[in-house]
Asks: 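Quick one: the structure is below, and I'll ask about it shortly.
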Amino acid sequence: MFKKILIANRGEIALRVIRSCKEMGIKTVAVYSEADKDSLHVWFADEAVCIGPPPAKESYLNMKRILAAAEITGADAIHPGYGFLSENAQFAELCERSGFKFIGPSPEHIRAMGDKMSAKKLAKKAGVPLVPGSDDVVKSIDEAKKIAKEIGYPILLKASAGGGGRGMRIVRSEQELPKAFEQAYKEAEAAFGKGDLYIEKFIEEPRHIEIQIVGDRYGTVLHLSERECSVQRRHQKLIEESPSPFMTPELRERMGEAAVRLAELIKYESLGTVEFLVDKDRNFYFIEMNTRIQVEHPVTEEVIFYDLVKEQIKIAAGVAISGKYYYPQRHAIEVRVNAEDPFNNFMPSPGTITALHLPGGHGVRIETHIYSGYKIPPHYDSMIAKVIASARTRKEAIAIMERALEEFYIEGIKTTIPLHKKILKDERFRKGNYNIKFLENFDLTPDEE
Ligand code: ADP
């Protein structure tokens with residue numbers, strides 16, 4: 001087993017990884033930018049190294065500085081968390097070449113799945129159903145028109161290098177296509193350095209349901225059931241739950257098997273998430289595979305009693321998967337608390353947290369790096385906490401979440417908590433009757449207190 005792990009990340013996920021390491025008796029090294037010197041991950045790690053100024057490019061994305069920090073502290077492995085360098089094949093390669101185990105899949109797997117077109121080709125080969133669309137990158141507007149005509153409008157233009165919902169455009173008619181194509185191309189080029197686009201049929205009102213998988217180097221691949229992630233804003237997840245209220249044992253088996261087939265085909269080793277869209281008739285379509293730990297992993301952990309980060313570390317160290325797979329016996333819901341004003345177009349709200357009380361009690365789990373007096377830097381992601389509620393039933397989990405959010409007291413900044421409270425009260429949400437359009441026609445005004 002590793003003796004010392006450097007965590008190449010910040011915020012709640014850095015802390016999350018530090019916690020698992022401590023329980024495993026592994027020493028930890030935090031890295032931090034100048035903006036994060038007062039962050040909890042710096043306090044709770046055994047050692048901490050400042051790797052540069054606030055902009056991520058000069059710190060959390062700076063491979064050389066991170067590797068130098070690993071070198072001087074004598075770490076033997078690097079955990080990338082999510083975001084930043086977690087799906088950067090070059091970084092994974094550099095880690096291995098410099099003698100540090102990258103806690104994640106091989107660079108080849110990151111590359112194969114990071115390019116969405118390549119991922120779709122592999123999924124097809126594994127017999128996993130795909131959203132109808134182009135077989136490859138679309139080179140010109142004329143070619144796009146031809147393919148769109150074949151599969152029928154509306155279509156979605158997507159960036160092959162995509163992520164975070166960027167470089168995506170819905171096109172409802174041929175007239176709209178040329179302009180949308182140029183816009184999506186430019187957006188993708190600016191965001192990912194590569195404008196390549198492909199086409200998918202735009203599925204109306206699907207659910208986003210993903211399967212957690214885990215594979216080891218001995219060829220064992222398991223799926224650990226699903227997460228429902230349809231409460232989204234601009235393709236970004238806000239609330240996740242497991243099991244999905246839409247799931248049936250039969251659909252879970254089919255989706256789980258499909259995800260496992262893909263991982264088996266490529267001999268995948270590590271944690272991964274296979275994302276699907278599911279239509280109202282319970283047809284499911286592969287959209288992408290993520291090769292890292294996901295933000296929403298706690299909902300899976302709470303329903304199957306499994307520490308995914310520990311498992312990820314063990315797999316990287318060459319330990320065979322020991323876990324058995326249980327169908328969810330419980331229900332878990334996660335809300336993302338972002339430092340944003342949900343009732344003012346989600347305007348970022350960085351600043352100092354002047355007072356804070358975090359919820360607790362039976363069935364409540366908090367993942368956060370904030371504390372009273374903490375100053376939220378404006379340079380990074382706006383997520384400041386995750387609240388996870390779990391219980392035997394969905395109804396109980398919702399009641400626990402509502403109670404927990406009542407107890408969540410935070411002053412000095414705006415957060416998404418008031419919106420979460422409103423969603424939890426919504427009849428459609430309570431019935432589990434929602435899809436990715438749910439927030440589009442949601443009343444984004446504050447409730448009267
Ligand atoms: P990204 O990697 O940028 O997050 P994804 O392919 O994972 O992109 O898609 C993100 C979200 O966009 C999905 O959760 C879903 O809400 C929406 N989406 C993606 N593909 C389609 C599609 N073909 N039809 C309808 N919605 C889609």
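Every number for a ligand or one of its atoms is a count from 1 in the order of the listing. As a basis for the values below, the full set of heavy atoms in this structure was taken, side chains included, without hydrogen atoms, waters or symmetry mates.
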Asks: Relative to the heavy atoms of Phe202, which atoms of ligand 1 are at a distance of less than 4.0 Å?
Replies: 24 (N), 25 (C), 26 (N)
Asks: For Gly163, counting its heavy atoms only, list the atoms of ligand 1 lying under 4.0 Å from any of them.
Replies: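 So the atoms of ligand 1 that pass are 1 (P), 2 (O), 3 (O).
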Asks: Is any NZ, NE, NH1 or NH2 atom of the basic residue among Glu176 and Arg172 found under 4.0 Å from an Asp or Glu carboxylate oxygen of the other?
Replies: no
Asks: Using a heavy-atom cut-off of under 4.0 Å, does the side chain or the backbone of Ile436 touch ligand 1, or both, or neither?
Replies: side chain
Asks: Can you find an N or O of Ile203 that's nearer than 3.5 Å to an N or O of ligand 1?
Replies: yes
Asks: Could you label the plane-to-plane angle of the Phe286 and Phe276 rings as parallel, tilted or perpendicular, counting under 30° as parallel and over 60° as perpendicular?
Replies: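 Ring orientation of Phe286 relative to Phe276: perpendicular.
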Asks: Quick test: of every protein heavy atom, which one is nearest to atom 18 (N) of ligand 1, and how far off is it to 0.1 Å?
Replies: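 Minimum-distance protein heavy atom for atom 18 (N) of ligand 1 reads Leu156 CD2, 4.0 Å.
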Asks: Scan side-chain atoms only and decide if Thr273 and Arg227 contain a donor-acceptor pair under the 3.5 Å cut-off.
Replies: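 Per modelled atom types, Thr273 and Arg227 side chains form a pair under 3.5 Å.
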Asks: Considering only heavy atoms, does Lys158 approach ligand 1 within less than 4.0 Å through its side chain, its backbone, both, or neither?
Replies: side chain
Asks: Less than 3.5 Å apart, any donor N or O on the side chain of Asp443 or Thr445 sitting next to an acceptor on the other?
Replies: yes
Asks: Suppose I only count heavy atoms of Lys201 and a 4.0 Å limit; which atoms of ligand 1 are within that range?
Replies: 22 (C), 23 (N), 24 (N)
Asks: Of Lys437, His235, Gln236, which has the heavy atom at the shortest distance from atom 11 (C) of ligand 1?
Replies: His235
Asks: Anything under 3.5 Å between a donor and an acceptor, one on a side chain of residues 143-164, the other on a protein residue two or more places apart or in another chain? List them.
Replies:
unit_1, atom_1, unit_2, atom_2, d
Glu143, OE1, Lys139, N, 3.0
Lys158, NZ, Glu200, OE1, 3.1
Ser160, OG, Asp115, OD1, 3.0

Asks: Whether the Asp36 and Tyr60 side chains hold a donor-acceptor pair (N or O, under 3.5 Å, no angle test) is what I'd like checked.
Replies: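 Yes, Tyr60 and Asp36 have a side-chain donor paired with an acceptor closer than 3.5 Å.
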Asks: Going by distance alone, is a donor N or O of one side chain under 3.5 Å from an acceptor N or O of the other, for Arg292 and Gln294?
Replies: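 Their side chains do contain a donor-acceptor pair, which is all the 3.5 Å distance test asks for.
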Asks: Could you walk me through whether Glu340 and Ser382 pass the side chain to side chain donor-acceptor pair (under 3.5 Å) check?
Replies: CA-CA 7 Å; Glu340 292 168 353; Ser382 62; 2.7 Å; yes
Asks: Identify, by atom number and element, the atoms of ligand 1 in contact range of Leu277, meaning under 4.0 Å from any of its heavy atoms.
Replies: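 Those qualifying, in numeric order: 15 (C), 20 (N), 21 (C), 22 (C), 23 (N), 24 (N), 25 (C), 26 (N), 27 (C).
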Asks: Could you check atom 3 (O) of ligand 1 against the protein and tell me its nearest heavy-atom contact, residue, atom and distance included?
Replies: Gly165 N, 2.6 Å
Asks: Nearest heavy atom to atom 9 (O) of ligand 1: which of Glu288, Arg166, Met168 does it belong to?
Replies: Met168
Asks: Show the atoms of ligand 1 that are less than 4.0 angstrom away from any heavy atom in Lys116.
Replies: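 What qualifies from ligand 1 is 1 (P), 2 (O), 3 (O), 5 (P), 6 (O), 8 (O).
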Asks: In terms of atom number and element, which parts of ligand 1 are under 4.0 angstrom from non-hydrogen atoms of His208?
Replies: 13 (C), 14 (O)
Asks: Do me a favour and list the nearest non-hydrogen protein atom to atom 16 (O) of ligand 1 with residue, atom name and distance?
Replies: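 Ranking protein heavy atoms by distance from atom 16 (O) of ligand 1, first comes Gln232 OE1, 2.8 Å.
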Asks: Restricting to side-chain contact (heavy atoms from CB on, under 4.5 Å), what partner residues turn up for Glu96, sequence neighbours left out?
Replies: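 Applying side-chain contact (heavy atoms from CB on, under 4.5 Å) to Glu96 gives Lys101, Phe102.
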Asks: Heavy-atom contacts with Glu275 under 4.0 Å: which atoms of ligand 1 show up? List them by number with element.
Replies: 7 (O)
Asks: Can we say Glu296 and Arg336 salt-bridge, meaning some charged N sits less than 4.0 Å from an Asp/Glu carboxylate O?
Replies: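 Salt bridge: yes.
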